[in-house]
Structure formats: structure tokens, C-alpha cells
Amino acid sequence: MSNCVIAGINWGDEGKGRMVDLLTEKYDVVVRYQGGGNAGHTVINEYGKFALHLLPSGIFREGVVNVLGNGVALDPENLWKEMQTVMSEGVALTPDNLKISDRASLLLPWHRDLDELEEQRLQDKKYGSTKQGIAPFYSDKYQKKTILAGELFYPDELRSHIADIMGWKNLTLTKIYGSQPYTMESIDKWIDEFCEKIKPYICDTGTFLKEAQAQGKNILFEAQLGSLRDLDYGIYPYTTSSNTTAAYAPIGSGLPSAKLSDVIGVVKAYSTCVGEGPFVCEMFGEAADKLREAGNEYGAKTGRPRRVGPLDLVATKYGVEVQAATEIALTKLDVLSYLEKIPVCTHYEVDGQLTDRFPFPAALAGAQPVVEYLDGWQKDISHIRQWDKLPQEAKAYVEFVEKSIGCPITYVSVGPERDSIIYRNTGRKNYDR
Ligand code: GDP
């Protein structure tokens, strides 16, 4: 039996989806344990290309059970639309391969409105939200002002509970933001159109996971975003509103007794950051445009151009620590093939001092990147599948990163397709599985 988390080490968009899709072959269950429809995991396989927002990335593998745990922001509308997209490409979704926790809280229709209204109010001080309602949802969850998915099985209590919350929420919508109040008619419609559709998949996933654990099944936990977006450990307030760290997996999945045997941290071979907030190693101008184009760095959910920069080893080392990563998957190495010299940010300069420690969020505005250049390889590596076949300069780049962050790099990804991967024997057990 093995419990493994796949987590982002940086700002998100590291390529977690492609790693989960690859590794699910060895797992029986894949669980999403936090976050909602605010990010996208891109998966390319025999069914086509998908940007999964809520569905676990194991959904394409026959025999894999996919679970949406209690820690996710369960948006019935987005989830049902996503399920329809996936089903329309021939992927079967049944209560046997998709299970939604009855303890997951529902993202309610006004959460998206509130997200949008607050970003508008903030104007140039906005957080860069994807406006999927995630921050209002989690605030309400912790205020106990939302609904558990399992309440859909108790329709009378559900209507009365939701009417109470709606009355309270309408005060905020109308009196603070001057917006329209919600009515029970619109809520009934939302329940019929979306909640009823996902209801057959809702069950006691805690018991399911406990039994899977007792039977020695292998469980893969799939995180969203990355260390630097973690509510407690990230670049607050430019974080997301949940814990993106591996340590949250047992809580958010519904299996609090889970002991994590492996944490695979996903690192992109260069840096990207979508939205607002400090991004010390950000590049601008032509060099940035070239890298953005080479890596096709546009948001999976919003299409927004991502901010780009060289690999930030200071942030990455911190991200590895926060995730307690046991090994690393380095993705998109192929994207750097066009560069003659490859920049890497090795240190920050803060108040005239060189440091390799990631500073407190408020100190980031004053931090300057210290950049070194490594030799590029300047040839296509996307067809290579063996470590020994990589150009010397590419191997040197990977080894430099590995040494700087202090964690073995066991996977090197050289393309978005499932098989564009190089396994590297670093002595970790994943190598032989
Ligand atoms: P996630 O949210 O961490 O799953 O990452 P995203 O899906 O937002 O971004 C990763 C993007 O890079 C997707 O478009 C992937 O198809 C693509 N990708 C992943 N690994 C590689 C790789 O090694 N090389 C290239 N060229 N693209 C990759």
C-alpha cells in the first residue's frame, strides 16, 4: 500500500495534472482534497486535451476510483458542466468511478457574485482572483454558512437551511454592494439544474477511503495550485483560500488517519505566476515574451497571459520544505531548448544582504533576484526518453537544480503527452514501481 501526494512546489501550473495522469497507472484511488474550479490541470491523452478544474486527473484511467474530498470547494454548476464535457468525449462517469464526499461544502451561486463584486470594489488593489467564488466560499465555510453536499438527501431541511443562509447573504449583496438579492425560485432552479445531477455521485467517501486503506489499496492525493499559494505558508494575501500543502491531504480527503509515504513535488523548469502579488524573479520585455510563447503560458481557466521568469531556486527550496517533498518531477525542460544561456535565480538580495531563505511576504517587495546563467543545449529534447540520452548541458541543468533544492529529481518531463517522460534512478522507490 502506498499513499502519495502530488503537489505543486511553486505558484501553481507546474504540470501536476500530467504527472497525476501518468502515475495513476499505479494507483487505485485518486483524491482531490482542496480548492475548487479556480485552477486547471491540463491532461493530454487518448481521449483528447482537457483542462480539469474539479474532477480528479485519474478520471481517464479505467479501474481508478476518483474522489472529491470534503476539503474541496464543491461547485455543482461547474462540476456538472465539466462532467458533461468529459462524458461527451467518451469517458464513462459512474458512481463507481466518481465519488463526491457528502461532507464537501457546496459553493453557492452568490459566492461567484461576491468574488466579482469584491474584486471590482478593490480596483487596482485587487487580488487577481479567478472569480470562481473560492474566497467567499471558504470564508462562509469557516463561518458555517454553507451547505454540505449530503444535505441534498434531505430536501425539506435543505430548503429551510439554504433560505436562512440566503436571507443573511442578501444583506451583504444589497446593503454592502448594492447588488440584486437572490430568491428561492432561482435557488430551486439551481438545485434542479445542477445539484440533482451530481447527487447520484454523492456518498460517504470517508468510509470508502477507510475501506480502501484497509484493503491495502494505493491512494494518490492530487493537490491544486502550489506552496506559494498556500493560505498559511504562501505569499499572503495573494494566496488561495485553502491549504495547498501535502500535509492537508489527510484532512481534506476524508482519511485523517492517512500516513503519507511519498510526496512528489512538481517544479517547472522555469517560473510562472498567474495573477497579482510579488514575483521576485519576473522577467519583462522580449525575453519574457519569448519564454511565454515557448511554454504557451496562458492560464488554463482564464486564458490570462502568465507572468514568467527564470527558475527561482529560493522560492523552490522553500516550496520543497513546505510540501515536505520526498522527490521532484521537473516539467517542461523541453521549453528551455531554444536558449543559449539559461538564467536561474539562485539568491535574493534583501536590504543589501544575499540570502537563499524565502522572506516574509511583506519583505518580498524589497527583494531583488540574483541571477546566474547556465549553458543551454539548443537542440530538441522532446523525443528523448532516457536520462543518458539527454545533452550534457540539460543533465547539468537538472543536477544543478537538484543540488540547490536538496531533493532528488526522479522525473524529467520533456513534453505534455503522457509518455514524454524520463525516469531517473535516484534510489526512490517510485523508479521501480
Ligand atoms: P497544473 O495545474 O499544475 O496541472 O498545470 P497546468 O495544466 O496549468 O500547466 C501545465 C501545462 O504545461 C499544460 O498545458 C501541460 O499540457 C503542459 N505540460 C506539462 N508538462 C509539460 C512538459 O514537460 N513540456 C511541455 N512542453 N508542456 C508540458
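In each ligand, atom 1 is the first atom listed, and ligand 1 is the first ligand listed. Excluded from the calculations below are hydrogen atoms, water molecules and symmetry mates; all remaining heavy atoms, backbone and side chain alike, are included.
Using a 4.5 Å cut-off on side-chain heavy atoms (C-beta onward), Y318 and S227 make no contact.
Within the listing of ligand 1, atoms 23 (O), 24 (N) sit less than 4.0 angstrom from a heavy atom of V414. Residue contact check: R18 has heavy atoms under 4.0 Å from atoms 19 (C), 20 (N) of ligand 1. Numbered from 1 in the order shown, with element, the atoms of ligand 1 that lie under 4.0 Å from a heavy atom of G17 read 4 (O). Ligand 1 places these atoms under 4.0 Å from at least one heavy atom of R306: 8 (O).
The two atoms that bring A149 and L74 nearest to each other are CB-CD2, 3.9 Å, heavy atoms only.
Counting heavy atoms under 4.0 Å from ligand 1, residue V266 does not touch it at all. Looking at D334 against ligand 1, only its side chain comes within 4.0 Å, counting heavy atoms.
Of the N or O atoms in S413, one or more lie within a sub-3.5 Å distance of an N or O in ligand 1. When only interatomic distances are considered, the shortest N/O to N/O separation between G12 and ligand 1 does not fall below 3.5 Å. Between K332 and ligand 1, a contact under 3.5 Å exists for at least one N or O pair. Between G15 and ligand 1, at least one pair of N/O atoms sits closer than 3.5 Å.
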* Asked: Between F279 and W11, does a ring pair (Phe, Tyr, Trp, His ring centres under 6.0 Å) hold up when you go through it step by step?
  -> CA-CA 9 Å; F279 184 39; W11 295 264; 5.0 Å; yes
What donor-acceptor contacts under 3.5 angstrom involve side-chain atoms of residues 198-206, with partners at least two apart or in another chain?
| from | atom 1 | to | atom 2 | distance (Å) |
| --- | --- | --- | --- | --- |
| K199 | NZ | L152 | O | 3.3 |
| Y201 | OH | L93 | O | 3.2 |
| D204 | OD1 | G206 | N | 3.2 |
| D204 | OD1 | T207 | N | 3.1 |
| D204 | OD1 | T207 | OG1 | 3.4 |
| D204 | OD2 | T207 | OG1 | 2.6 |

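Heavy atoms of E417 stay at 4.0 angstrom or farther from ligand 1. Residue contacts with ligand 1: G415 is included, with a non-hydrogen atom under 4.0 Å away.
Among S253, S241, S242, the one residue that satisfies the side chain to side chain donor-acceptor pair (under 3.5 Å) test with Q34 is S242.
Contacts classified as ring pair (Phe, Tyr, Trp, His ring centres under 6.0 Å) and involving residues 85-114 (residues at least two apart or in different chains) are given here: W110-Y182, H111-F137.
E372 contributes no side-chain N or O that, together with a main-chain N or O of T346, makes up a donor-acceptor pair within less than 3.5 Å.
In this structure, K99 forms a cation-pi arrangement with F208, its terminal cationic atom sitting closer than 6.0 Å to the ring centre and no more than 45° off the ring axis.
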